[in-house]
Enquirer: 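I have a structure I would like to understand better, so I am pasting it below and will then ask my questions one at a time.
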Number of protein chains: 2
Amino acid sequence: MIVKQVSQVLDLLEFFAHRREPANPSEIARHFAWPRSSTFNLVQTLVERGYLYEPKPRQGYYPTPRWLSLAQEISAAEPLPEEVNRLLRDLAEITGETVGITAASGTHVVFLEVIPSRHPIAYQAYVGKQLPLHATASGQAILSQMPPSQVASLLRRTVFERYGEGTPMSIEEIETQIKQSLHRGWFSSASAYTQDLGGVAVPLVLNGRIFSFTVAGPLFRIGNHMDVIARQMHEGVSRHLGPDYFATHVPNLYRLPVGSAS
Amino acid sequence: MIVKQVSQVLDLLEFFAHRREPANPSEIARHFAWPRSSTFNLVQTLVERGYLYEPKPRQGYYPTPRWLSLAQEISAAEPLPEEVNRLLRDLAEITGETVGITAASGTHVVFLEVIPSRHPIAYQAYVGKQLPLHATASGQAILSQMPPSQVASLLRRTVFERYGEGTPMSIEEIETQIKQSLHRGWFSSASAYTQDLGGVAVPLVLNGRIFSFTVAGPLFRIGNHMDVIARQMHEGVSRHLGPDYFATHVPNLYRLPVGSAS
DNA sequence: TAAAAATGTCCATGTTCATGGACAAATAGG
DNA sequence: CCTATTTGTCCATGAACATGGACATTTTTA
């Protein structure tokens, strides 16, 4: 069950993240087509808790830095290593496509970090975006590093739905894809969940946590050279996480021959 | 009216900021003594919106970095200048007391930035904390820089309540205090709103926005030398914002003779 | 300065969702 | 492997709050 008032808090937070300036309750009510009185209650609650304030009387409310201070505390607890961020920036530069780090969340994966592509036509991902675990390159990369019992339990709960031509439709199909991908050294998907989207992913294991390092873009642009991208990703991992990274941390994964890097 | 479910979202966010590790819905329910089913609905809503995720199955949920990314966008829009942060760090160091920046929010002030004192007994403030505008050093410092019409409108809406011995109980009293404080060069309060608390504040005007720069601590420690603290604050402002800062930006304020600083 | 418009506040009522108990599934313990 | 315990899901009912209309206040326009 979706709790409406909870959703509204999130809507409001996203609203301010886009708008970047104070807004009146009336404006907010108009924007979302919410009843004015409900909007006032919502705003008032956030004000009393110190999450919104009114910088100038009657000029509107704006979120306080309290959001930032809590979010920083929360994210400080499970940070991605700085090398990973460098790796992402590097590959965003090299490939020009959207790159990101995802982690498992139940039967889905969530983006924990995203660098959007500079192309006008590109894969639109954002931190918090979710994808099904079984039908995406990222998801399969993550599954490939989980203990088999856990994989089995997750796949049992999966509801198979045909999102596109490439969607795998059975547990066996997924297990085969994972095995082949491990053997090949990289995971891919093509119109498996998102139409016209191609994704290339490799698993990363950091402090015992499993992630996927993912590059994704329109199929027409990357469909023909996913192998090149995979190679670039392996080289990136080698440069930023060390030449032995896969050997020591993701030993099941075939290691593409890496040209450069000491 | 306080919307309960909105409050609960905030409670949960604060819960994770303290806890810093994943929690099961059951644990959350136990911690807050919320019914389990309500807790599940709340968690589920946040999960579906990409604000919580489940790093490992059955090991609990944790907030995604989406909070951070939105909070950063929001706070990037109205940042405090870096000099102000340096000023705060400097005075936290010099005075050893809790220092902060506050801004007006209706008839209250909110803390936008806080550096907590290192003393075990100290003033406990946090970003988002609110105080009444009329009965605190911070609030009066801010009022002192507002156009008189706005001050009048705010004070008209003020409900006078005796919080402590020092609480001003009439509009005239407040106006007198403000006038005297401007003339003296700093604002103070002693057990005016918070029992046993002493505060010293000076107004800052940055890009047309009015703030208060505040140092506060237990009266027994600072009651006898608020003038020294005020002097240190003036010197800090002079060092970090420039020797002419008050003259050019807060001209109504008497400027304490500043020893050092070019 | 008066009238109009917009914004903010209040309130009775109906809808939504929180509640807690009952059931199912998963995990831990014997 | 069976039992006990914990965790998660489902559901009917009653309480909390969203709704929208009416009123008050403030701001804008004439």
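Given the structure is predicted, the values throughout are model-derived calculations rather than measurements.
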Enquirer: Nearest nucleotide by nearest heavy atom, which residue falls closer to the 5' end of DNA chain C, A:N24 or B:Q8?
Expert: A:N24
Enquirer: With B:E54, which residues qualify under side chain to side chain contact (heavy atoms under 4.5 Å, CB included), at least two apart?
Expert: A:S105, B:Y61
Enquirer: Can you measure A:F32 atom CZ to D:dA18 atom C1' for me and round it to whole angstrom units?
Expert: 16 Å
Enquirer: Atom CZ of B:R157 and atom P of D:dT26: how far apart are they, to the nearest Å?
Expert: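 Interatomic distance, CZ of B:R157 to P of D:dT26: 8 Å.
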Enquirer: Taking OP1 and OP2 of C:dT7, is either one under 4.0 Å from a side-chain nitrogen or oxygen of A:R30?
Expert: yes
Enquirer: The side chain of A:K4 lies closest to which of these nucleotides: D:dT19, C:dG20, D:dC17?
Expert: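 In terms of side-chain proximity for A:K4, the closest of D:dT19, C:dG20, D:dC17 is D:dT19.
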Enquirer: Select one nucleotide: of C:dT7, C:dG20, C:dC17, the one nearest the side-chain heavy atoms of A:R58.
Expert: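 Ranking C:dT7, C:dG20, C:dC17 by closest atom to the A:R58 side chain puts C:dT7 first.
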Enquirer: Please state whether the phosphate of C:dA18, meaning OP1 or OP2, lies under 4.0 angstrom from any side-chain nitrogen or oxygen of B:N41.
Expert: yes
Enquirer: From C-beta outward on A:F40, which listed nucleotide comes closest to its side chain: D:dT26, C:dT19, C:dT9?
Expert: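 Of the options given, the side chain of A:F40 lies nearest C:dT9.
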Enquirer: State which of D:dT27, D:dG8, C:dT19 makes the closest approach to the side chain of B:P25.
Expert: D:dG8
Enquirer: Quick one: A:E27 CD to C:dA5 C1', roughly how many Å, whole number?
Expert: 15 Å
Enquirer: Just wondering, do B:P65 and A:E113 contact through their side chains at under 4.5 Å, heavy atoms?
Expert: no
Enquirer: Could you state the CD-P distance from B:E54 to D:dT7, rounded to the nearest angstrom?
Expert: 14 Å
Enquirer: Within this structure, what is the CG-to-P distance between A:L154 and C:dA25, rounded to whole angstrom?
Expert: 18 Å
Enquirer: Identify whether the distance between the nearest side-chain nitrogen and carboxylate oxygen of A:K4 and A:D11 falls below 4.0 Å.
Expert: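 Salt bridge between A:K4 and A:D11, a charged N being under 4.0 Å from a carboxylate O: no.
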Enquirer: Return the nearest nucleotide to the side chain of A:S38; candidates are C:dG20, D:dA18, C:dG8.
Expert: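 Nearest to the side chain of A:S38 among the choices is D:dA18.
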Enquirer: Looking at side-chain heavy atoms only, is the closest gap between B:M146 and B:L154 below 4.5 Å?
Expert: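 A side-chain contact under 4.5 Å exists here.
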Enquirer: In whole angstroms, how far is the P atom of D:dA16 from the CD1 atom of B:I2?
Expert: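 That distance rounds to 15 Å.
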Enquirer: Closer than 4.0 Å, any side-chain N/O of B:S37 to the OP1 or OP2 of C:dA18?
Expert: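 Answer is no, no contact under 4.0 Å.
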Enquirer: Would you find a donor on one side and an acceptor on the other, under 3.5 Å apart, between the side chain of A:T214 and the backbone of A:I101?
Expert: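 Looks like no, no N/O pair under 3.5 Å.
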Enquirer: Quickly work out the B:Q59 CD to C:dT27 C1' distance and round it to whole Å.
Expert: 12 Å
Enquirer: Using the benzene-type ring in the case of Trp, are the ring centres of B:F16 and B:Y62 under 6.0 Å apart?
Expert: yes
Enquirer: Whole angstrom is fine here: how far is it from NZ in A:K56 over to P in D:dT27?
Expert: 15 Å
Enquirer: So which nucleotide from C:dG8, C:dA22, C:dA18 ends up closest to the side chain of B:Q5?
Expert: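 Out of C:dG8, C:dA22, C:dA18, the nucleotide with an atom closest to B:Q5's side chain is C:dA18.
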Enquirer: Look at the side chain of A:R36 against the base of D:dG20 and say whether a donor-acceptor pair falls under 3.5 Å; ignore hydrogens and angles.
Expert: no
Enquirer: Quick check: on DNA chain D, is the nucleotide nearest B:R156 upstream (toward 5') of the one nearest A:P35, or the reverse? Name the residue that is more 5'.
Expert: A:P35
Enquirer: Would you mind telling me which of C:dT7, D:dT9, C:dC11 lies closest to the side-chain atoms of A:S26?
Expert: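 That would be C:dT7.
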